[in-house]
Amino acid sequence: MKNIILNINKAFDHRIRLGIMSVLMVNESADFTTLKELLGATDGNLASHTKALEKVDFIKVEKQFIGRKPNTKYIATNLGKMEFIKHIEALEKLIKNK
Amino acid sequence: MSQEDYLRDISEIKTLMNKSSRFISLSGLSGILAGIYALIGAAFAYWLVCNSGREYLILDGTVFRLIILDLIIITVLSIGTAIFLTTKKAKKNNEKIWDSLTKRLLTSFIVPLLAGGIYIIIILNNQKYGQTGALMLLFYGLALLNASKYTLGDIKYLGYTQIVLGLISALYPGYGFWFWVIGFGFMHIIYGAIMYFKYDKK
């Protein structure tokens with residue numbers, strides 16, 4: 001039981017963060033607006049959660065201009081992907097064990 | 001967090017992964033209609049050739065030009081119907097019709113199809129007609145297979161079916177027409193119906 005809890009990652013312990021990672025797992029990248037619409041989050045909410053994931057190097061941020069509009073793209077890092085898989089496996093085990 | 005919370009998390013992860021990477025508003029009805037157009041078009045082409053006094057086609061006769069026109073009409077009608085019904089369904093599902101996902105879907109579909117189309121025109125210009133039906137099936141199947149990554153997975157099986165039909169058709173050059181009828185006509189109707197009952201009727 002201790003092992004299972006160990007693999008539950010605190011960094012993912014919020015539905016918005018979990019959502020961001022889920023989207024980035026199956027897409028090469030996603031921009032801010034796409035994530036916002038998919039997750040139904042507000043600007044500030046999404047910004048703080050992406051920042052938290054960026055801090056632990058689970059996602060990468062690329063800022064660029066499309067025409068004159070700034071565009072922020074998020075990409076999952078290899079570390080983030082690995083941690084996410086571990087987290088999901090731990091969740092599944094937790095549910096099965098009970 | 002309780003077990004229910006974790007379960008809800010996991011199901012939400014699944015929906016997000018699907019919603020963000022697959023376009024799910026493809027209309028099954030448009031597949032059925034495309035198959036029907038193909039059958040009507042094929043019947044018309046068959047009638048034309050039977051009444052032309054010759055058993056086979058030559059490249060620059062009126063009959064050939066009419067058949068090309070027939071093909072163009074089938075294609076335009078099928079694509080038009082697909083766009084119309086899919087847009088309608090996407091609106092109902094509250095999905096966006098033109099985002100980065102549909103762009104990826106369309107490029108992965110159109111690139112193999114266009115390459116095949118150009119290749120077919122080139123070999124038609126070299127007076128090689130026997131493989132046209134087979135090549136159309138083959139490239140269409142590959143295009144479907146390629147696009148299936150970004151939409152409902154069932155399209156993949158339609159792709160495989162068309163590829164297999166195309167290859168068999170290549171072995172029997174004289175029967176290209178009939179394989180075309182099976183692939184573009186009947187298979188579209190069958191797969192369209194399966195998709196319709198599986199996804200649209202809910």
Side-chain angles (χ1 to χ4, degrees), chain A residues 1 4-5 7-41 46 49 53 59 62 64 66 69 71-76 80-81 83-98, chain B residues 1-26 86-112 143-157 159 199:
Chain A
M1 201 61 203
I4 295 165
I5 301 288
N7 274 334
I8 297 268
N9 201 319
K10 267 271 179 273
F12 297 128
D13 220 1
H14 190 284
R15 59 167 286 274
I16 301 279
R17 290 189 205 168
L18 212 54
I20 296 168
M21 279 314 288
S22 322
V23 173
L24 294 181
M25 284 296 281
V26 287
N27 291 286
E28 261 174 65
S29 67
D31 57 27
F32 194 84
T33 351
T34 312
L35 281 178
K36 212 176 77 179
E37 275 166 13
L38 280 168
L39 299 167
L46 184 59
H49 285 301
L53 286 172
I59 62 174
E62 265 175 27
Q64 57 180 26
I66 295 180
K69 270 201 208 140
N71 177 279
T72 315
K73 252 182 13 183
Y74 297 96
I75 302 148
K81 284 182 182 174
E83 291 298 325
F84 184 75
I85 291 168
K86 263 201 245 164
H87 179 76
I88 298 297
E89 278 169 0
L91 283 186
E92 278 174 347
K93 267 188 207 150
L94 196 72
I95 290 163
K96 266 184 213 148
N97 266 6
K98 277 195 179 164
Chain B
M1 279 217 288
S2 71
Q3 188 176 359
E4 281 79 57
D5 287 331
Y6 285 127
L7 270 176
R8 207 203 45 219
D9 272 1
I10 286 189
S11 77
E12 194 171 1
I13 289 167
K14 253 179 142 177
T15 347
L16 273 173
M17 282 179 164
N18 263 326
K19 208 172 148 194
S20 68
S21 66
R22 277 163 199 275
F23 181 72
I24 53 166
S25 291
L26 222 55
T86 302
T87 321
K88 226 172 91 181
K89 196 178 155 191
K91 271 204 191 119
K92 212 176 82 194
N93 289 354
N94 253 330
E95 269 206 15
K96 266 206 232 151
I97 194 82
W98 193 241
D99 56 9
S100 61
L101 181 59
T102 43
K103 271 181 224 164
R104 261 182 288 168
L105 173 66
L106 279 180
T107 27
S108 64
F109 180 65
I110 283 172
V111 170
L144 285 176
L145 190 63
N146 203 33
S148 70
K149 284 175 294 202
Y150 301 118
T151 183
L152 303 167
D154 310 65
I155 293 282
K156 182 170 63 200
Y157 301 108
Y199 303 103

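Proteins come first, then strands; the chains are lettered A, B, ... in the order of their sequence lines, and each starts at number 1.
Residue Phe12(A): no heavy atom, backbone or side chain, is found under 4.5 Å from chain B. For chain A, the nearby part of Ile10(B) is the side chain; its heavy atoms alone come within less than 4.5 Å. Contact annotation for Arg22(B): neither backbone nor side-chain heavy atoms come within less than 4.5 Å of a heavy atom of chain A.
Atom-to-atom distance recorded for Leu18(A):CG and Ile13(B):CD1 is 3.5 Å, nearest 0.5 angstrom. For the atom pair CG (Asp9(B)) and CG (Leu91(A)), the distance works out to 6.5 Å, reported to the nearest 0.5 Å. A distance of 4.5 Å separates CG of Asn27(A) from OG of Ser20(B), quoted to the nearest 0.5 Å. In this structure, CG on Leu16(B) lies 8.0 Å from CZ on Arg15(A), to the nearest 0.5 angstrom.
With chain B as partner, the option from Asp31(A), Thr34(A), Val26(A), Leu39(A) having the largest number of non-hydrogen pairs under 4.5 angstrom is Val26(A).
Surrounding CZ of Phe32(A) are more than 12 heavy atoms belonging to other residues, nucleotides or ligands, all under 6.0 Å away.
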